[in-house]
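Contents: one structure, followed by commentary.
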Amino acid sequence: MKDNGRSSAADLRAVLGAGLVAHLGVIVDGHPMVVPTVYGFDDERIFLHGSVASRSLTGTGEVCVTVTVLDGLILARSVFEHGINYRSAMIYGVPARIHDPDDLLYGLRLLTEHVAPGQWDYTRRPSPKELAATTLLAVPLTEASVKISDGPPDDGAGPDAALGRWAGRLPVVATWGTPEADPLLPPGIEAPPHIAGRTGHPITG
């Protein structure tokens with residue numbers, strides 16, 4: 001709906017900051033393909049990565065990157081007025097494949113830190129062989145559509161209010177669970193604070 005549209009760069013960054021999974025829409029060999037992937041971003045670009053063999057990263061031309069955050073259900077008095085509370089961003093652009101080694105590490109760091117803040121400095125950095133096997137795309141944030149739907153049902157002041165049915169919102173509250181160690185991890189190695197400290201905290205902001 002047009003009323004849900006947002007136009008500021010701050011709204012775009014807020015949606016990207018709250019989401020964790022993007023869907024990359026691309027044309028490959030004349031056919032549409034939509035692939036879920038993690039991402040990272042800064043003020044100018046969104047970064048997407050994958051294997052050099054990934055067909056979704058070899059397409060040419062414009063792509064569409066979509067990030068959606070589900071915040072709840074809108075449960076109205078009539079089925080017609082049902083809906084969802086959500087935040088979404090659709091980014092259009094021609095992706096650039098990152099070849100510069102410093103920019104490649106920069107983009108991978110943003111991607112890693114977006115999903116697990118603190119992990120880039122905790123783990124081993126990518127080796128030259130691993131970097132050679134990785135494709136990193138950057139799509140500019142210059143053309144984007146942001147929509148946010150929030151609030152109660154719209155039929156509270158209409159004829160259906162006389163039905164005597166409950167109506168309202170059912171919020172979605174997702175939280176991080178307790179870290180589960182790799183079964184092959186030797187005893188005595190605990191989850192680092194930047195991971196263990198996320199337990200019980202909301203997944204989206």
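It should be emphasised that the depicted structure is a prediction, and the values quoted were computed from it without experimental measurement.
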**Prompt:** Is the backbone of Asp121 close enough, under 3.5 Å, to the side chain of Arg109 for a donor and an acceptor to pair up by distance?
**Reply:**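 No.
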**Asked** Is the backbone of Glu113 close enough, under 3.5 Å, to the side chain of Gln119 for a donor and an acceptor to pair up by distance?
**Response**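 Pair absent, no side-chain N/O of Gln119 close to backbone of Glu113.
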**Request:** Report the residues that fulfil ring-ring contact (aromatic ring centres under 6.0 Å, His included) with Tyr92, sequence neighbours left out, ordered by chain and then residue number.
**Result:**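 For Tyr92, no residue satisfies ring-ring contact (aromatic ring centres under 6.0 Å, His included) once neighbours in sequence are set aside.
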**Request:** List in chain and number order the residues that pass ring-ring contact (aromatic ring centres under 6.0 Å, His included) with His194, two or more places apart in sequence or in another chain; answer none if no residue qualifies.
**Result:**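 Tyr122.
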For [X] and [Y], which heavy atoms make the closest approach, and how far apart are they?
X: Pro126; Y: Leu131; result: CB-CD2, 3.6 Å
X: Val15; Y: Ser88; result: CG1-C, 3.8 Å
X: Thr199; Y: Pro179; result: OG1-CD, 3.2 Å
X: Pro95; Y: Gly93; result: CD-O, 3.5 Å
X: Leu12; Y: Ala144; result: CD2-CB, 3.9 Å

**Connected-component partners of Ile189 among ILVMFWY, side-chain separation under 4.5 Å** =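 Other cluster members: Leu185.
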Kindly work out whether a path of hydrophobic side-chain contacts (I/L/V/M/F/W/Y, heavy atoms less than 4.5 Å apart) joins [X] to [Y].
X: Ile74; Y: Tyr86; value: no
X: Val34; Y: Val65; value: no
X: Tyr39; Y: Val35; value: yes
X: Leu24; Y: Met33; value: yes
X: Leu141; Y: Met90; value: no

**Request:** Not counting sequence neighbours, list each pair that qualifies as a side-chain hydrogen bond (donor to acceptor under 3.5 Å, both in side chains) and has a residue in residues 161-186.
**Result:**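 Sorted pair list: Asn85-Arg169, Asp150-Arg169.
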**Message:** One pair to check against side chain to side chain contact (heavy atoms under 4.5 Å, CB included): Trp120 and Leu108. What are the steps and the verdict?
**Reply:** CA-CA 9 Å; Trp120 183 260; Leu108 292 175; 4.1 Å; yes
**Prompt:** Yes or no on side chain to side chain contact (heavy atoms under 4.5 Å, CB included) for Ile84 and Leu73, after CA distance, side-chain angles and deciding distance?
**Reply:** CA-CA 4 Å; Ile84 62 172; Leu73 301 179; 3.9 Å; yes
**Request:** Return the orientation label for the Phe41 and His114 ring planes: parallel under 30°, perpendicular over 60°, tilted otherwise.
**Result:**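 The rings of Phe41 and His114 stand perpendicular, inter-plane angle above 60°.
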**Request:** Sort out for me which residue in Val38, Val115, Val67, Val69 forms a side chain to side chain contact (heavy atoms under 4.5 Å, CB included) with Leu20.
**Result:**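 By the side chain to side chain contact (heavy atoms under 4.5 Å, CB included) criterion, Leu20 pairs with just one of Val38, Val115, Val67, Val69: Val115.
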**Prompt:** For Leu136, which of Leu48, Leu104, Leu105 qualifies under side chain to side chain contact (heavy atoms under 4.5 Å, CB included)?
**Reply:**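 With Leu136 as partner, Leu48, Leu104, Leu105 yield a single side chain to side chain contact (heavy atoms under 4.5 Å, CB included), made by Leu104.
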Can you tell me how far apart [atom1] ([X]) and [atom2] ([Y]) are? Round to the nearest 0.5 Å.
X: Glu143; Y: Glu62; atom1: CD; atom2: CD; answer: 6.0 Å
X: Lys129; Y: Thr134; atom1: NZ; atom2: OG1; answer: 12.0 Å
X: Ile91; Y: Thr142; atom1: CD1; atom2: OG1; answer: 10.0 Å

**Request:** Would you please name every residue forming a side-chain contact (heavy atoms from CB on, under 4.5 Å) with Ala76, sequence neighbours left out?
**Result:**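 Testing Ala76 for side-chain contact (heavy atoms from CB on, under 4.5 Å), a comparison that skips the adjacent residues, returns Glu81, His82, Pro153, Asp155.
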**Item:** Minimum side-chain heavy-atom gap Thr123-Thr112 below 4.5 Å
**Value:**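 They are not in side-chain contact.
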**Of all pairs that satisfy salt bridge (charged side-chain N to carboxylate O under 4.0 Å, His left out), the ones with a partner from residues 32-45, not counting sequence neighbours** =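 Every pair satisfying salt bridge (charged side-chain N to carboxylate O under 4.0 Å, His left out) with a residue in residues 32-45: Arg13-Asp43, Arg45-Asp103.
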